[in-house]
Asks: 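I have a structure I would like to understand better, so I am pasting it below and will then ask my questions one at a time.
Computed over heavy atoms, backbone and side chain alike; hydrogens, waters and symmetry mates excluded. Numbered from 1 within each chain, the chains take letters A, B, ... in sequence-line order.
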Number of protein chains: 2
Amino acid sequence: MTTASKTVSDVIHSHLGVLTRAEKQLAESLLDNYPVSGLGSITTIAENAGVSTPTVVRMVQKLGFKGYPDFQAHLHQEVEATISNPIAKHDRWAQNAPGTHILNRFADAIMGNLRQTLTDLDTATFDNVAALLSDRKRGLYFAGGRITGALAEYFFTHMQVIRPATTLLSSNSSSWPQYVLNMNAGDVLIIFDIRRYEQEMVSLATAARKRGAEIVVFTDQWGSPAAKLARHAFRVRIEAPSAWDSSVVTLFIVEALIEAVQNSTWDETKERMKTLEGLFEQTKLFRKPG
Amino acid sequence: MTTASKTVSDVIHSHLGVLTRAEKQLAESLLDNYPVSGLGSITTIAENAGVSTPTVVRMVQKLGFKGYPDFQAHLHQEVEATISNPIAKHDRWAQNAPGTHILNRFADAIMGNLRQTLTDLDTATFDNVAALLSDRKRGLYFAGGRITGALAEYFFTHMQVIRPATTLLSSNSSSWPQYVLNMNAGDVLIIFDIRRYEQEMVSLATAARKRGAEIVVFTDQWGSPAAKLARHAFRVRIEAPSAWDSSVVTLFIVEALIEAVQNSTWDETKERMKTLEGLFEQTKLFRKPG
DNA sequence: GCCGTCATGAAAAGAAATTTTCAGCGGATG
DNA sequence: CATCCGCTGAAAATTTCTTTTCATGACGGC
């Protein structure tokens, strides 16, 4: 058997390219909640995927199986392997990987971080920050450090699409005073400051506050000194089985905020996104002849 | 549903007293390697237990199921519950928040993405990429798109500390050819390309491959066209209850890779980090008097 | 705009599963 | 020892699932 070593999931992936529309649709449905979704009869999975039963037969044959029963037998074997594997019993993450694989250890850590962070987090804080960022009258300024700069940029990039008056502070802290100069009372400064807290962040926060800006800080559980100056602070768990801290949960909060802000003014955002699409198209036209 | 609380296993146990010899034999067979042993057809499990098919029908009806299909449906549900990560299933994340709060919905989605991604991910791919990135003889180049640029930058920032010969491609794609010009055979190009795949990525990948570079792609489950040119591809689930895609799981893989690479050459990395600390100190000294 | 090719699902045909029927068998009882 | 009762599985009947066939419609090339 050729499929002895490869999982059904692998086989599907390696064939994704040669699948037709309906077959892709079916493949998606199977991979979603794999491998349990393939447990039922051919009729059931065809219905779940919204395709006809012949499509199922054609696809599994295209994948190299003799027929649907053959396909399902392989799936059953995989389910069996997954369930009866003693390591898999508790936390089954990456299959075929020993429980000590870095991916599994990381997954465990991230899960713990997420859970702890959400337990500690006051949803009122979240909602208040979302409201603050949704307020079009307030200018937004994003600042990050050496490592967290990427998070600030990610946040900024999204907010820039959603609303006007957003600014990303250059990574070069010597230029920060110029940004502060432009801040008005009521503007919001979003600061990322984690572990090895950077001295410049406190200076930035102090200066911004003097100008009447509201400050939102993303920091770790121990708290950046800048958090003391902040109106709102997110204390995120950042522990990882690594010499580095994990930014995964921080990014999680950021994405949730992006959605919350966007959602609060969806009509306006939609218009902006449409316009942006148009601008992208134009840019392409500019570029094509070049 | 009455069986929502009781498992099939419970039901069998509670009926053990009223079962006949052949039925007990069947029950034993089912409980042995439960619940996988009940995955097949009635014929299969009858054969495995060494009883006739009518015995199976009679027993499941005695247990309170309408018939074999009904019995099997319950078993499938249990298999699903066993396989699905128990933590991901738990009802509420942030306490005191309604289950429909954006934070909770996001947490559910992210956990699903993580689980699915790790299920689909081949750990060999991960290990191979880690080895590739650990090889000091290879230069590393990081490229991202409009949104994924921040991920590329995050990855780059860490790798830059861990090892020499790392380059972040400017976000301005018109300058990319100059980077390709400097690539040598065996160098590694790490590309982030998700959804709205950017045409330039394919051009970049093609050009880099002509220079003999190895290509690693981070993409979504549908696959960037650049993935076809890649030696290794990570297909990450990016679905979120949002108009935007989620980068959380992608960042997760990136962080795990960072740790894997660092771990493989910890001694050297330690030296580099010490030196870096020294350099930071010096910079501060420069600045203080100013 | 016509033609060929291919994807797709409805429906029929075929195969397999599930359920029912029924006869044999073995142990219990008088 | 005869009889009864209920367990058991072979085999038939029934239902359901799986596969094949074929008509339709979409798409691209000429």
Asks: To the nearest 10 degrees, what angle separates the axes at the start and end of the helix from C:dG1-D:dC30 to C:dG30-D:dC1, five pairs each?
Replies: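 Answer for the end axes of this duplex: 10°.
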
Asks: Is there a side chain to side chain donor-acceptor pair (under 3.5 Å) between B:Thr250 and B:Ser247? Walk through the geometry before answering.
Replies: CA-CA 5 Å; B:Thr250 312; B:Ser247 299; 5.2 Å; no

Asks: For A:Gln25, enumerate each residue passing the side chain to side chain contact (heavy atoms under 4.5 Å, CB included) test, keeping only those at least two apart in sequence or located in another chain.
Replies: A:Arg21, A:Val51

Asks: Within less than 4.0 Å of OP1 or OP2 of C:dG9, is there a side-chain N or O belonging to A:Thr55?
Replies: yes

Asks: If the cut-off is 4.0 Å, is B:Arg21 near the phosphate of D:dC7, judged by side-chain N/O to OP1 or OP2?
Replies: no

Asks: Can you list everything that forms a side chain to side chain contact (heavy atoms under 4.5 Å, CB included) with A:Arg163? Sequence neighbours excluded, please.
Replies: A:Arg136, A:Leu140, A:Met159, A:Ala165, A:Thr166

Asks: Between C:dT19 atom C1' and B:Phe71 atom CZ, what is the distance in whole Å?
Replies: 16 Å

Asks: In whole angstroms, how far is the P atom of D:dT8 from the CD atom of B:Gln25?
Replies: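 In whole Å, D:dT8 P and B:Gln25 CD are 9 Å from each other.
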
Asks: In B/S/- notation, 5' to 3', how is nucleotides 15-29 of chain D contacted by protein heavy atoms closer than 4.0 Å?
Replies: --SSBB---------

Asks: Rounded to the Å, how far apart are A:Met59 CE and C:dG9 C1'?
Replies: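 Computing the A:Met59:CE to C:dG9:C1' distance gives 16 Å.
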
Asks: Donor-acceptor pair, A:Ser41 side chain versus A:Thr44 backbone, under 3.5 Å?
Replies: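 Confirmed, A:Ser41 side chain pairs with A:Thr44 backbone.
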
Asks: For B:Leu19 and D:dG6, give me the distance from atom CG to atom C1', rounded to whole Å.
Replies: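 The answer, rounded to whole Å, is 15 Å.
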
Asks: Determine all donor-acceptor pairs shorter than 3.5 Å in which one atom belongs to a side chain in residues 60-67 of chain A; sequence neighbours excluded.
Replies:
{"unit_1": "A:Lys62", "atom_1": "NZ", "unit_2": "A:Val18", "atom_2": "O", "d": "3.2"}
{"unit_1": "A:Lys62", "atom_1": "NZ", "unit_2": "A:Glu23", "atom_2": "OE1", "d": "2.7"}

Asks: Regarding B:Thr167 and B:Tyr179, do their side chains bring together a donor and an acceptor under 3.5 Å, going by distance alone?
Replies: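 Distance-only check fails for B:Thr167 and B:Tyr179.
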
Asks: What integer distance in Å separates B:Leu26:CG from D:dC7:C1'?
Replies: 14 Å

Asks: Examine distances only and state if a side-chain atom of B:Trp176 and a backbone atom of B:Ser170 form a donor-acceptor pair shorter than 3.5 Å.
Replies: yes

Asks: If the condition is side chain to side chain donor-acceptor pair (under 3.5 Å), which residues does A:Thr53 pass it with, not counting sequence neighbours?
Replies: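 None.
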
